[in-house]
There are 2 protein chains.
Amino acid sequence: MEKKETKEIKEISQAVIGRLPRYFRYLGDLKDEGVERISSQELSERMKVTASQIRQDLNNFGGFGQQGYGYNVEYLHVEIGKILGLDTEHRMVLIGAGNLGQALVNYTNFEKRSFLFKGIFDNNPALYGKLIRNFPVMPMEEMCDFVRENQIDIAVIAIPKEGAVKVAEQLVNCGIKAIWNFSHVDLNVPEDVQVENAHLSDSLMKLSYNIGRYNKENGVKQ
Amino acid sequence: MEKKETKEIKEISQAVIGRLPRYFRYLGDLKDEGVERISSQELSERMKVTASQIRQDLNNFGGFGQQGYGYNVEYLHVEIGKILGLDTEHRMVLIGAGNLGQALVNYTNFEKRSFLFKGIFDNNPALYGKLIRNFPVMPMEEMCDFVRENQIDIAVIAIPKEGAVKVAEQLVNCGIKAIWNFSHVDLNVPEDVQVENAHLSDSLMKLSYNIGRYNKENGVKQ
DNA sequence: GAAGTAATGTCAATTATTTGACAGGTAATT
DNA sequence: AATTACCTGTCAAATAATTGACATTACTTC
């Protein structure tokens, strides 16, 4: 009786979703600058996208603006934050306490945005007990229980690719529904588990491609 | 006389370029597994994309395959590597010797792929001289000369957003033509400077969105 | 409070990307 | 040597994303 037609939810394209964090970032900056309102035109100039795209994107989620006025910066910032799920607390575990993993945990900014590390795991006994931002590194064997007992909803995988696929499978068995993956391999998980890849070397290769292309097009010598 | 029609170069879409590193990765894995040849059909099943897309993508760069045979794994791996510019040495500097910066320098895998850090800079005097993977941290003031004298072609920016835009401008003035940007802000550089953003928190927000969407669609309670 | 101006939300047109289909070659098999 | 099965490169169709245009509404000014 409480359940309505389930097909109400319009699927938003990943292209749009991929732009939301950028909008959020720009609105945050505007807010910090003390800007109260902004039109799609002004924002488009700052962000170097078309005004039409901004209006189109925002309209996927409802009418946030007002004709003749534009968008209220603070309100829009909050609303996009909600859309992105930044108003709910996310409890994370780190798998892999290497350089990158430590950097992520120490990355205080995530905290402001409601992403909280709750535990750190590694399979290197030399690290057990070591404190990283007040969290002791724990052995992998304890991961599963910890995830279950602490309402963890995101696992961050920062281990070499060799072990990553297996660890992801374990995590899925522990009930994890979201993985932020820094290992250089694609994970194999069921459909109901969300994976976001942060393949840093892919990103670097793209840069390398664009350097080469520019040099070729402009006859730059190596 | 040596200059031909400059319009020969077909512009490849960023959508295609974005997929190249993934092809490269899968081909490397196949090579390691000892697989000699592969058809677009088989590869498509592994990668979970359509075979048509693979053939279309590869064909942007030339005919690498053979009818009735498929693609030679090793050959294709090498060729895509060349397209991505992995056959040329890239000399990099790190700006910002914080946790993330150190993690990137220590990230040995980049080396195999011809991306070499040559110098590290920070504006924190407490770090000057500190060795990170045998490189001493140098003061920012020396950055420009170093870049010029050591044929640096990529600058990696891993500092808080407050200083990033200004540092990017400095780097451009020093002649840098490519920036790998980890700061949470968009840089403002001339058209001939390539920027690749690695906005980690954007990535995390996307994950957060997808968690929320899944939960909504499936009526999962928080 | 009326007139003018600004700026959204939305529809339609355009452009880009992805998918499907198949002709024509290549290799394997008999 | 002929036949069959395989698989690419490419073209055309289908789908998706972006842009432009404008009717409509809200704000601002006089």
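Quick note on labels: first sequence line is chain A, next is B, and so on, each numbered from 1.
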Worksheet entry | 5′-ward residue of the pair B:R55/A:Y71 relative to DNA chain C | A:Y71
Worksheet item: Rounded to the nearest Å, what distance is computed from the CG atom of residue A:L58 to the P atom of nucleotide C:dT8?
Response: 9 Å
Item to complete: Identify whether the distance between the nearest side-chain nitrogen and carboxylate oxygen of A:R25 and B:D202 falls below 4.0 Å.
Response: yes
Worksheet item: So, is B:R19 close to the C:dT17 phosphate, meaning a side-chain N or O under 4.0 Å from OP1 or OP2?
Response: no
Discussion item. Can you tell me which nucleotide in D:dT19, C:dG9, D:dC7 comes closest to the side chain of A:T50?
Written reply: D:dT19
Worksheet entry | A:Q14-B:N210 side chain donor-acceptor pair, cut-off 3.5 Å | yes
Worksheet item: Can you check whether A:R37 has a side-chain N or O nearer than 4.0 Å to OP1 or OP2 of D:dT28?
Response: yes
Fill in: Protein-nucleotide distance (B:Q56, atom CD; D:dT15, atom C1'), rounded to Å
14 Å
Item to complete: Please state how far atom CZ in B:F61 lies from atom P in D:dT8, giving the value in whole angstrom units.
Response: 18 Å
Discussion item. Measuring from the side chain of A:S52 (C-beta onward, heavy atoms only), which nucleotide among D:dT28, C:dA28, D:dA21 has the closest atom?
Written reply: D:dA21
Worksheet item: Are B:E33 and B:K31 ion-paired here, with the side-chain N under 4.0 Å from a carboxylate O?
Response: no
Practice prompt. Starting from P on D:dC27, measure out to CG on A:N72 and report it in whole angstrom.
Written response: 12 Å
Item to complete: Kindly say if A:Q53 contacts the phosphate of D:dT18, meaning a side-chain N or O under 4.0 Å from OP1 or OP2.
Response: yes
Fill in: B:Y69 or A:V49, whichever maps to the more 5' nucleotide of DNA chain D
B:Y69
Discussion item. Could you check whether B:K216 pairs with A:E11 (Lys NZ or Arg NE/NH1/NH2 to Asp/Glu carboxylate O, under 4.0 Å)?
Written reply: no
Worksheet entry | B:Q67 (side chain) and C:dT26 (base): donor-acceptor pair under 3.5 Å | no
Worksheet entry | Spacing of B:F64 atom CZ relative to C:dG25 atom P, expressed in whole Å | 21 Å
Worksheet item: Taking for each residue the nucleotide of DNA chain D bearing the nearest heavy atom, is the 5' side occupied by A:G68 or by A:A15?
Response: A:A15
Worksheet entry | Rounded distance in Å - CD1 (A:I54) to P (D:dT18) | 13 Å
Worksheet, complete the sentence: Taken to the nearest whole Å, CG/B:N59 to C1'/D:dC11 is 12 Å
Worksheet item: Is the shortest side-chain N/O distance from B:S40 to OP1 or OP2 of D:dT8 below 4.0 Å?
Response: yes
Worksheet item: Over how many whole Å does the gap from A:Q66 atom CD to D:dT28 atom C1' extend?
Response: 13 Å
Worksheet item: So, are A:K48 and B:D186 salt-bridged, with charged N and O less than 4.0 Å apart?
Response: no
